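To keep things clear, I will list the structure first and then write my remarks on it.
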Amino acid sequence: MEVAIPDDIAFTRVEAACESVRKDDNLIKRNRLIFRVFDRGLRRWEVANLLCSSIPSAQSLRTRRERAKKTGVLRPVPIQIMGAKKSGVRVVLFPLRLAELLREFIDEVRPLLAPDSSEDAVFTSACRQRGRLQPQSLTNLIQMGRAIAIDEARASGADQEQIDEIRSVHGHLYRHRHITNSLVNGIEAGLEPVHVLLDTMKGVGIKSFQTMSIYSHVAESRRKCVLEKKQKIYAVEDDEVLKRLETLRASELFLKKRFSRS
């Protein structure tokens with residue numbers, strides 16, 4: 001299985017296109033948050049089933065913000081996620097600002113969409129049923145934005161490679177991007193490859209080292225592309241981050257053998 005992840009600009013174009021067709025500011029705000037939650041590596045089902053009750057209260061978040069100002073340390077917010085694929089509940093770390101935006105949306109914007117009183121999902125439909133958005137609705141949202149973004153790109157003279165990158169954007173690709181970025185960012189921060197690997201697996205709900213090996217390979221490919229696009233072609237061989245990413249594969253083999261014995 002080969003995962004190809006386009007440039008970030010392709011994601012941005014799709015998201016902007018989704019906004020361009022909405023006249024309701026409340027739906028625009030909802031859709032912006034949907035994409036930000038996708039950015040945390042959640043699956044479609046998990047985004048659709050993100051619960052209001054899992055987001056800390058406004059007071060709790062204010063306390064966290066005040067503490068961050070005093071200490072100078074901006075800590076992420078642990079959010080309980082109902083995992084897909086029978087993986088149960090797991091904890092995903094959201095940036096404090098994202099948690100604040102979600103709470104503001106829940107308290108101020110979501111009531112204007114008139115959801116069912118018994119509905120606890122953060123993202124609800126504006127249609128008659130007023131229930132939670134279904135995973136297919138999220139797919140439809142991205143498909144709509146993708147089609148518009150492709151038309152806009154063609155009209156602006158984009159080349160075929162750029163158009164193909166926009167065409168490849170889909171909901172699960174946000175998850176792929178988050179996982180590979182987490183691996184690269186962890187290595188760039190100087191963390192041990194084994195810790196980066198295990199922390200990433202825990203955060204995105206992956207239990208298979210075989211699955212993770214796909215992402216470590218993609219992370220290497222993305223790092224090479226970044227260096228080449230920054231005209232640092234000769235830096236590829238000497239890039240320390242890339243060298244450390246390559247050690248992830250050795251870490252995967254080590255952990256796979258270790259856990260298979262236990």
Side-chain angles (χ1 to χ4, degrees), residues 1-18 31-50 76 79 81-85 87 90-95 98 135-136 138-146 149-150 161-189 191 193 196-229 241-242 244-246 248-249 251-252:
M1 172 184 165
E2 181 67 30
V3 179
I5 303 175
D7 270 347
D8 290 342
I9 188 62
F11 292 89
T12 302
R13 282 176 160 173
V14 171
E15 293 168 22
C18 287
N31 293 348
R32 283 177 184 168
L33 274 177
I34 286 173
F35 286 119
R36 296 290 70 78
V37 173
F38 265 125
D39 272 337
R40 302 313 301 166
L42 273 64
R43 303 176 179 94
R44 289 183 316 155
W45 191 94
E46 294 167 343
V47 174
N49 289 279
L50 179 64
I79 304 293
I81 302 296
M82 296 294 295
K85 298 186 177 181
S87 57
R90 75 174 190 277
V91 174
V92 177
L93 298 178
F94 279 22
L98 176 55
Q136 185 59 46
L138 301 176
T139 297
N140 295 343
L141 172 66
I142 295 174
Q143 286 177 341
M144 175 190 67
R146 188 172 60 216
I150 288 172
E161 182 181 355
Q162 292 172 318
I163 292 171
D164 288 342
E165 288 207 328
I166 296 171
R167 185 178 285 113
S168 71
V169 174
H170 56 81
H172 208 65
L173 207 58
Y174 280 85
R175 178 172 170 82
H176 294 325
R177 183 175 66 163
H178 171 77
I179 294 171
T180 55
N181 285 348
S182 295
L183 293 174
V184 173
N185 292 342
I187 293 297
E188 284 182 335
L191 302 178
V196 172
L197 190 68
L198 292 175
D199 288 347
T200 301
M201 290 177 69
K202 181 180 178 181
V204 298
I206 290 177
K207 298 179 180 179
S208 167
F209 291 109
Q210 183 175 356
T211 300
M212 279 304 297
S213 66
I214 297 168
Y215 294 108
S216 59
H217 173 72
V218 174
E220 289 179 44
S221 299
R222 289 202 83 195
R223 179 69 179 182
K224 289 177 183 177
C225 287
V226 167
L227 291 171
E228 290 169 358
K229 288 180 179 180
V241 172
L242 192 54
R244 295 190 54 157
L245 280 170
E246 290 171 354
L248 280 174
R249 276 179 280 178
S251 300
E252 287 160 5

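These numbers come from a predicted model, not from an experiment.
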Within this structure, what is the [atom1]-[atom2] distance for the pair [X] and [Y], rounded to the nearest 0.5 Å?
X: R40; Y: E46; atom1: CZ; atom2: CD; value: 13.5 Å
X: I142; Y: L173; atom1: CD1; atom2: CG; value: 9.5 Å
X: D164; Y: I150; atom1: CG; atom2: CD1; value: 8.5 Å
X: I81; Y: L50; atom1: CD1; atom2: CG; value: 5.0 Å
X: I9; Y: I166; atom1: CD1; atom2: CD1; value: 8.5 Å
X: L198; Y: I206; atom1: CG; atom2: CD1; value: 12.5 Å

I'd like to check [X] versus [Y] (side-chain heavy atoms, cut-off strictly below 4.5 Å). Are they in contact?
X: F38; Y: H178; result: no
X: D8; Y: R177; result: yes
X: H172; Y: R175; result: yes
X: D199; Y: S182; result: no
X: V204; Y: V92; result: no

Do you know which two heavy atoms are closest between [X] and [Y], and how far apart they sit?
X: V196; Y: G186; answer: CG2-C, 3.7 Å
X: A149; Y: A17; answer: N-CB, 3.8 Å
X: Q162; Y: R13; answer: CB-NH1, 4.1 Å
X: C18; Y: G145; answer: SG-CA, 3.5 Å

Using side chain to side chain contact (heavy atoms under 4.5 Å, CB included) as the criterion, list what pairs up with [X], not counting sequence neighbours.
X: E15; answer: F11, F35, R36, Y174
X: P76; answer: L93
X: A48; answer: P135, L138

Main-chain N/O of R146 paired to R167 side chain as donor or acceptor, under 3.5 Å: no
Flag, side chain of E165 to backbone of D7, donor-acceptor distance under 3.5 Å: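 Checking the backbone N and O of D7 against the side chain of E165, a donor-acceptor pair under 3.5 Å is found.
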